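Structure first, commentary second.
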Amino acid sequence: MDAARPGLAPGSTIGILGGGQLGRMIALAAAGLGYRCHVYCPERDPPAAEIAARATCAGYDDAHALDAFAASVDVATLEFESVPAAAVERIARTAPVRPGARALELAQDRVREKTFLNAIGVATTRFAAIDAAGDLDRAMAEIGAPAILKTARLGYDGKGQRTVGAASQAEAAWRALGGGPAILEAQVDFEREISVVLARGLDGATALFDTVENRHENGILRTARVPAPVPGEVDAAARDAALGIARALDYVGVLAVEFFVARDGAVLANEFAPRVHNSGHWTLDACAASQFEQAVRAVCGLPLADPARHLDAETTNLLGAEIEDWPRLLAEPDARLHLYGKGEARAGRKMGHVTRLSPRGG
Ligand code: AMP
């Protein structure tokens, strides 16, 4: 970093679009470095607002509230990827938003996302865009069964997708998803799922955390463990792909990229998230600076921290009523419990996580 331009000084205000647990953990890290946060989201009493100096409860289409928010912050970032790009563009007229609207727009649309990935040389599973019922036959013929049909936009945690075992099932699956723009993907016969979480600074410097192995249940991340048990060439392919995405977008902030490791060894990107990520929570306890601190450093234009991992770690998400186990988890000697302060423990809701630590290579 240029010492003459030292980035935003502590005491400055970071705006956070979205009010969930990711925003809460960004705000905690920001507070640790002396920054103030202003959380903006449409929900009342969001988990992030408890930690932030200020919160605005307004819609992402409320121009007046967006302008007031933009005027109150020195820089803005996002913790939720369904924030409309138009809201980000509006804020960006007044305050820098890192990462910007382009990364967000690509991440919001699975067809554009995979088209972009392939265009920059990052491999994905084969896919076809579906805009109308008439596209299904051609797409099924091209992709083959089994395939996975997903809504092009606004899918998360496995919501908005259906497995299609035969061409005859495609139309019913598409109608069940609402009959809107969709993507048909070849189902990957994967050995495991991995992700790379990295930070890229304002000066283009990058810092990659160690590659993580992720296990999903019903489309929701259950566990994330490091180190991921993958050969060096698989690790290198994933890291190169993640770096390529960050460079192509001139990205500033924390970026997470999820991959399938196919049984034939191919490393295929599934999607990227333009924000801190559930598969990076272990960094809170196994690294000198977490993904949340890296996000604060990156968006404030500060030098990035060393991403070295000091411990082996496995994070388990606590969903719904699993949080009731907190006294036992708190008593586990090598576990670190993180709770998100959410009220109602609805089934499947991410209420907290626990990271179990062990010596490196132990
Ligand atoms: P996504 O919403 O794209 O993150 O998908 C959620 C989960 O569904 C992934 O983590 C995989 O476990 C599974 N999945 C999604 N797409 C595919 C695919 N093309 N092939 C095999 N499994 C998939």
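Here the structure is a predicted model, which is why all the values come from computation and not from measurement. We count ligands from 1, going down the list as the structure has it; atoms in each ligand are counted the same way. Quick note: residue numbers are just sequence positions, from 1.
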Looking only at N/O atoms, are [X] and ligand 1 under 3.5 Å apart anywhere?
X: Val188; value: yes
X: Glu185; value: yes
X: Asn270; value: yes
X: Glu258; value: no

Arg349 side-chain N/O to Met351 backbone N/O, donor-acceptor pair under 3.5 Å: no
Q: Could you pull out, from His216, Gln161, Arg215, the option with a heavy atom nearest to atom 13 (C) of ligand 1?
A: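 Nearest option to atom 13 (C) of ligand 1, by heavy atoms: Gln161.
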Notebook entry, point to check: Of the listed options (Arg110, Lys150, Glu193), which comes nearest to atom 9 (C) of ligand 1 when hydrogens are ignored and any heavy atom counts?
Noted result: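 Among Arg110, Lys150, Glu193, the closest heavy atom to atom 9 (C) of ligand 1 comes from Glu193.
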Item to complete: For side chain to side chain donor-acceptor pair (under 3.5 Å), just list the numbers for His38 and Ser72, CA-CA rounded to whole Å, side-chain angles, deciding distance to a tenth of an Å, and then say yes or no.
Response: CA-CA 8 Å; His38 183 169; Ser72 78; 2.7 Å; yes
Check your understanding: Using the ring of each side chain (for Trp, its six-membered ring), is His281 parallel, tilted or perpendicular to Tyr340, with breaks at 30° and 60°?
Key -> perpendicular
Give a yes or no on whether a salt bridge exists between [X] and [Y], defined as a side-chain N under 4.0 angstrom from a carboxylate O.
X: Arg225; Y: Glu213; answer: yes
X: Arg215; Y: Glu193; answer: no
X: Asp334; Y: Arg356; answer: no

Ligand 1 to Ile148, heavy atom cutoff 4.0 Å, flagged ligand atoms 17 (C), 18 (C), 20 (N), 21 (C), 22 (N), 23 (C)
The atoms of ligand 1 lying under 4.0 Å from a heavy atom of Gln187, numbered in the order shown, are 20 (N), 21 (C)
Only residue of Val73, Leu8, Val75 satisfying side chain to side chain contact (heavy atoms under 4.5 Å, CB included) with Ile14 is Val75
Margin query: Tell me whether ligand 1 is touched by Ala186 - counting only heavy atoms on the residue side and a distance under 4.0 Å.
Written below: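 Yes, Ala186 has heavy atoms under 4.0 Å from ligand 1.
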